[in-house]
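One structure below.
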Amino acid sequence: MRSIDFFAYLCSQVTETMLKTGSILISMLLLSLCMQAQRQVVVADVKTREPIAQASLYSKTDGLFRSAITDEEGRATIAFAFQRLTVSHLNYEKRQVRQLSDTLFLTPRYRQAAEVVVTNREPAWIRKKLRQAAAQKEKTYFGTERMLVYNYQTQSIADRSYYRFTSEGLIKMKSHERKHYELWQRRGDITSLDSTLLTDVANLRRMLYEDFMDELDNHFIRSHRFNENPEFKGRSKNEIELVFRSKDRKDDRGRLVIDTARCVILSAYRNSGTKTNVDERMPWGLRTFASILSGYKVLKWNRNYRVSYAEATDGTLYPREVTYKFYMETHDNEQDKKENEYQSQTGGGFPNMEATLRLEPDTTTYRQDSEAAPWLTLPGSWYLRLSSEEQRRQEISLSRMPANFHLYEEKE
């Protein structure tokens, strides 16, 4: 066993030694060795050398699962033994190492465009085209009754827990006639250390109801600045990438690709932080009420969202591939027994999650299989609300969809 792993192993034995021997001297010695064993590493982008926040580093060794998460500077402290350490982030290729170095580099899964400075000066045509895209979005993106095959995967990693849920089946898309999404699951699989965990579609609902085109409106256009990316090469001269940044908030930025001939958005990426997410997704009244009632407040909330759209045979567009990373830290002074019971019935969600969703045109086989099966309503995404009994029943049904259980193994 390598020295750092040996010392880290000793750290895990401190409590047991204290209980068995009661020796303060031995315990202090082991704690001193533990301090030496802790190793700080930085996770960074191999191309830009920029630090990667909320990357997960985890290992299962001798039946014990441990993990660490990088902070805003890409730093994490590894204070546990490992034979093989997995380093992962939704936007990067997964990497496994057997030895630690000062910096661990990850390779991006997506094209990394050059940084573009967003200024007050922007071409006059941009807002006109974006307003056209927003004005016709109901017809272009949501005007057709559509059923799509879905493949959804969500993953959460905490200090001593690992959870992954994969689901496939059919989704009835929201449209003029249908104001919500519906789901029929053909197969579900849970991989975890705990066989009692339930199915979790929270990120699926977020990716669908927080769709970029659904949220693109005149308010969004007014509150952001836009510039062209001159380095972008589209499939045609009509495809232009726009870089945007909030006028009032430093934690809201992204990119989108627009077809200027048809005035449609082909793809979008948005990264938002605590202030933006709280202001946009938590109504001020409910937030104030929760704060007064129990001291509830959001300490940190990061959201990373990416979507690409595909064109259907009728010329309309739908989200073909979506990736979503969610990280939240909150504080609450009081424990609500009713809320705790509800959380136990629905799985409770996770503070650190990342998910992918792929949608494809329907097939006859799937449609035939789903005809005799029950469909579940997907309620809108929410973070702070007073739920009705009907909403709670929907949540409980979604958390108890059939799923096969698999024990997490390190080779995964």
Side-chain angles (χ1 to χ4, degrees), residues 1-9 11 37-115 151-166 189 191-193 203 269 271 302-306 321-327 350-358 406-412:
M1 182 181 289
R2 299 180 305 281
S3 59
I4 185 171
D5 290 349
F6 174 71
F7 287 132
Y9 172 76
C11 290
Q38 293 182 359
R39 176 77 177 272
Q40 189 173 87
V41 299
V42 174
V43 180
D45 187 302
V46 70
K47 294 186 177 181
T48 67
R49 294 305 198 258
E50 292 293 320
I52 302 172
Q54 276 83 57
S56 297
L57 301 93
Y58 56 96
S59 174
K60 184 181 179 184
T61 302
D62 297 331
L64 298 176
F65 182 88
R66 295 295 304 275
S67 73
I69 299 174
T70 59
D71 61 16
E72 297 301 317
E73 302 299 323
R75 296 171 301 192
T77 299
I78 307 301
F80 52 87
F82 66 87
Q83 297 173 348
R84 180 170 53 186
L85 184 72
T86 300
V87 189
S88 71
H89 186 283
L90 180 67
N91 295 329
Y92 294 84
E93 298 294 341
K94 188 180 293 186
R95 181 183 176 188
Q96 290 186 327
V97 298
R98 293 187 179 276
Q99 290 184 326
L100 288 177
S101 56
D102 292 337
T103 305
L104 299 173
F105 292 104
L106 297 183
T107 302
R109 290 184 178 177
Y110 306 99
R111 174 185 62 85
Q112 296 291 309
E115 184 67 23
N151 184 285
Y152 164 72
Q153 180 176 129
T154 187
Q155 175 178 278
S156 174
I157 299 169
D159 182 35
R160 285 180 171 80
S161 67
Y162 177 94
Y163 173 87
R164 185 174 74 233
F165 173 56
T166 59
D189 292 273
T191 301
S192 181
L193 305 169
N203 280 332
Y269 166 79
N271 188 37
N302 294 334
R303 176 180 177 270
N304 188 288
Y305 167 89
R306 186 185 304 270
E321 184 172 357
V322 190
T323 62
Y324 186 92
K325 186 165 180 63
F326 170 89
Y327 182 82
F350 303 94
N352 177 43
M353 304 179 73
E354 51 187 41
T356 60
L357 172 65
R358 293 179 176 85
H406 309 273
L407 180 66
Y408 170 80
E409 298 297 341
E410 178 68 16
K411 61 183 179 181
E412 301 178 12

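The first residue of the sequence shown is numbered 1, and numbering continues consecutively from there. Every value quoted in this text rests on a predicted model; they were computed, and no experiment measured them.
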Which heavy atom in [X] sits nearest to a heavy atom in [Y], and how many Å separate them?
{"X": "K47", "Y": "D45", "result": "N-OD1, 2.7 Å"}
{"X": "R39", "Y": "S101", "result": "NH2-C, 3.7 Å"}
{"X": "R303", "Y": "N271", "result": "O-OD1, 3.3 Å"}

- Take the angle between the ring planes of Y408 and F65 and call it parallel below 30°, perpendicular above 60°, tilted in between. perpendicular
Which residues share a side chain to side chain contact (heavy atoms under 4.5 Å, CB included) with [X], sequence neighbours left out:
{"X": "T61", "answer": "S59, F82, Q83"}
{"X": "N352", "answer": "S56, I69, K325, Y327"}
{"X": "V46", "answer": "R49, F105, T107, P108"}
{"X": "R160", "answer": "R66"}

- Message: Which residues pass the side-chain hydrogen bond (donor to acceptor under 3.5 Å, both in side chains) test with T70, not counting sequence neighbours?
- Response: none
- Task: Just jot down the side-chain hydrogen bond (donor to acceptor under 3.5 Å, both in side chains) partners of D71, sequence neighbours excluded, or say none.
- Result: R75
Within the 4.5 Å heavy-atom criterion, are [X] and [Y] side-chain neighbours or not?
{"X": "Y162", "Y": "S67", "answer": "no"}
{"X": "F80", "Y": "L85", "answer": "yes"}
{"X": "N304", "Y": "E354", "answer": "no"}
{"X": "Y92", "Y": "V87", "answer": "no"}
{"X": "R306", "Y": "L90", "answer": "no"}

- In chain order, what residues pass the salt bridge (Lys or Arg N to Asp or Glu O under 4.0 Å) check against E73, with sequence neighbours excluded? none
- Sequence-distant partners of R95, salt bridge (Lys or Arg N to Asp or Glu O under 4.0 Å), two or more places apart: none
For the atom pair [atom1] ([X]) and [atom2] ([Y]), what is the distance rounded to the nearest 0.5 Å?
{"X": "L407", "Y": "L193", "atom1": "CG", "atom2": "CG", "value": "6.5 Å"}
{"X": "L106", "Y": "K94", "atom1": "CG", "atom2": "NZ", "value": "11.5 Å"}
{"X": "Y163", "Y": "M353", "atom1": "OH", "atom2": "CE", "value": "7.0 Å"}
{"X": "R109", "Y": "N91", "atom1": "CZ", "atom2": "CG", "value": "8.0 Å"}
{"X": "I78", "Y": "L100", "atom1": "CD1", "atom2": "CG", "value": "6.0 Å"}
{"X": "H89", "Y": "Q54", "atom1": "NE2", "atom2": "CD", "value": "7.0 Å"}

- Report yes or no: do Q153 and T166 form a side-chain donor-acceptor pair below 3.5 Å? no
- Task: Return the set of residues passing ring-ring contact (aromatic ring centres under 6.0 Å, His included) with Y305 (not counting sequence neighbours), or none when no residue passes.
- Result: none
